[in-house]
Amino acid sequence: MDGLTEAFEAERGKLEAVAYRLLGSHSEAEDAVQEAWIRLDRTDGIDNLGGWLRTVVTRICLDMLRGRKAPPEDPDELEQLPAVRRTPEDEALVADSVSRALLVVLDTLEPAERIAFVLHDMFAVPFAQIAPLVERNPVATKKLASRARQKVQGTPAVPAAELARQRRVVSAFLDAARAGDLPAILDVLDPDVVRRVDTAALAPGMAAELRGARAVAEGTAALSGRSQLAELALVNGEVGVVLAPGGKLFLAITFTSEADRITSYDVVADPDRLGGLSIAVLSAER
């Protein structure tokens, strides 16, 4: 029994990585892996322990996805919305984690699509091994992953050069916002910039609309804590920002800009408006 426990613990990290990407919730991922341990304890004669555990965890996750009525929330991460800036150690952990923008898109996939995409594209599992899990043949499973991949990557609404320009401007804005660096925020704002915020995202005392670089920059700097959880994403085919604690979309920001200055941006938090947005991952190549 000690040997089995040791072998399971050696696989736990990999299993939790798979489960987290499939479920988008640390607590649910831990539950899935624990359930796999319970099933292992009742099973004898396993030749390939790692493969068996991955299969069992995937099936558990698939059942959880099929039974899910709403995306999970991570209470611990939701509490970080007004938090102070991250430490370098925190930044290292975030850099090594799955992007929240990806989790948002994964939650829009059908369970079988999500299984096929995550196992193949993120863990290099052959389609022949994934097919029985999603009750398809390998060819159909490959199509599932391809369809999911298209949703994850999205379709830019502007040419590559324009997308790259937008990325430079919005990245500079987000970096400055995270740092609470007022001069840096001002540098990327047009003098007549306009910021509009849906009521659902208004902090106490916050105006729904601000005009002018100084007012917008000060309002942005005051919310630097929230910016720590923000990430670049493709929003309606253009470079935007999403705030998605626990992989659950809380708000999205759309921008208009000219040259190297932002002329306006809208903070979308109303559930109906969020539901009408197309969110995709902004890859490093874009």
Inset, instruction - Among Arg114, Lys151, Arg149, Lys142, find the one that has a salt bridge (charged side-chain N to carboxylate O under 4.0 Å, His left out) with Asp121. - result: Arg149
Inset, instruction - Show the numbers, then the answer: is there a side chain to side chain contact (heavy atoms under 4.5 Å, CB included) between Phe255 and Val169? - result: CA-CA 10 Å; Phe255 296 85; Val169 175; over 6 Å; no
Separation of [Y] [atom2] from [X] [atom1] (nearest 0.5 Å):
{"X": "Thr220", "Y": "Tyr265", "atom1": "OG1", "atom2": "OH", "result": "3.0 Å"}
{"X": "Thr263", "Y": "Asp192", "atom1": "OG1", "atom2": "CG", "result": "10.0 Å"}
{"X": "Leu106", "Y": "Ile115", "atom1": "CG", "atom2": "CD1", "result": "10.5 Å"}
{"X": "Asp107", "Y": "Ile279", "atom1": "CG", "atom2": "CD1", "result": "12.5 Å"}
{"X": "Thr254", "Y": "Arg273", "atom1": "OG1", "atom2": "CZ", "result": "7.0 Å"}
{"X": "Arg195", "Y": "Ile262", "atom1": "CZ", "atom2": "CD1", "result": "12.5 Å"}

Inset, instruction - Please test Gln166 against Glu162 for side chain to side chain donor-acceptor pair (under 3.5 Å), starting from the C-alpha separation and ending with a verdict. - result: CA-CA 6 Å; Gln166 291 180 4; Glu162 170 61 12; 3.1 Å; yes
Inset, instruction - Any chance you could lay out the side chain to side chain contact (heavy atoms under 4.5 Å, CB included) test for Arg167 and Leu232, step after step, and finish with the verdict? - result: CA-CA 8 Å; Arg167 183 172 195 150; Leu232 296 182; 4.2 Å; yes
Do [X] and [Y] come close enough that some side-chain heavy atom pair is under 4.5 Å?
{"X": "Asp190", "Y": "Glu258", "answer": "no"}
{"X": "Val104", "Y": "Arg100", "answer": "no"}
{"X": "Val33", "Y": "Arg12", "answer": "yes"}
{"X": "Leu234", "Y": "Val281", "answer": "no"}

Minimum-distance pair of heavy atoms, taken over all atoms of [X] and [Y]:
{"X": "Ala32", "Y": "Cys61", "value": "CB-SG, 4.0 Å"}
{"X": "Val235", "Y": "Val241", "value": "CG2-N, 4.2 Å"}
{"X": "Leu49", "Y": "Phe8", "value": "CD2-N, 4.3 Å"}
{"X": "Val56", "Y": "Arg39", "value": "CG1-CD, 3.9 Å"}
{"X": "Val188", "Y": "Ala172", "value": "CG2-CB, 4.2 Å"}
{"X": "Asn137", "Y": "Ala131", "value": "C-CB, 3.8 Å"}

Grouping I, L, V, M, F, W and Y whenever their side-chain heavy atoms are under 4.5 Å apart, do [X] and [Y] come out in a common cluster?
{"X": "Leu182", "Y": "Leu189", "result": "no"}
{"X": "Val194", "Y": "Ile185", "result": "no"}
{"X": "Leu186", "Y": "Leu210", "result": "no"}

Inset, instruction - Apply side chain to side chain contact (heavy atoms under 4.5 Å, CB included) to the pair Glu6 and Glu9, showing each step before the final yes or no. - result: CA-CA 5 Å; Glu6 184 176 343; Glu9 290 300 327; 5.8 Å; no
Inset, instruction - For side chain to side chain contact (heavy atoms under 4.5 Å, CB included), just list the numbers for Asp31 and Glu35, CA-CA rounded to whole Å, side-chain angles, deciding distance to a tenth of an Å, and then say yes or no. - result: CA-CA 6 Å; Asp31 289 344; Glu35 175 62 24; over 6 Å; no
Test item: [X] side-chain N/O and [Y] main-chain N/O as donor-acceptor pair under 3.5 Å:
{"X": "Gln228", "Y": "Arg178", "value": "yes"}
{"X": "Ser99", "Y": "Leu102", "value": "yes"}
{"X": "Asp266", "Y": "Val268", "value": "no"}
{"X": "Thr108", "Y": "Val105", "value": "yes"}

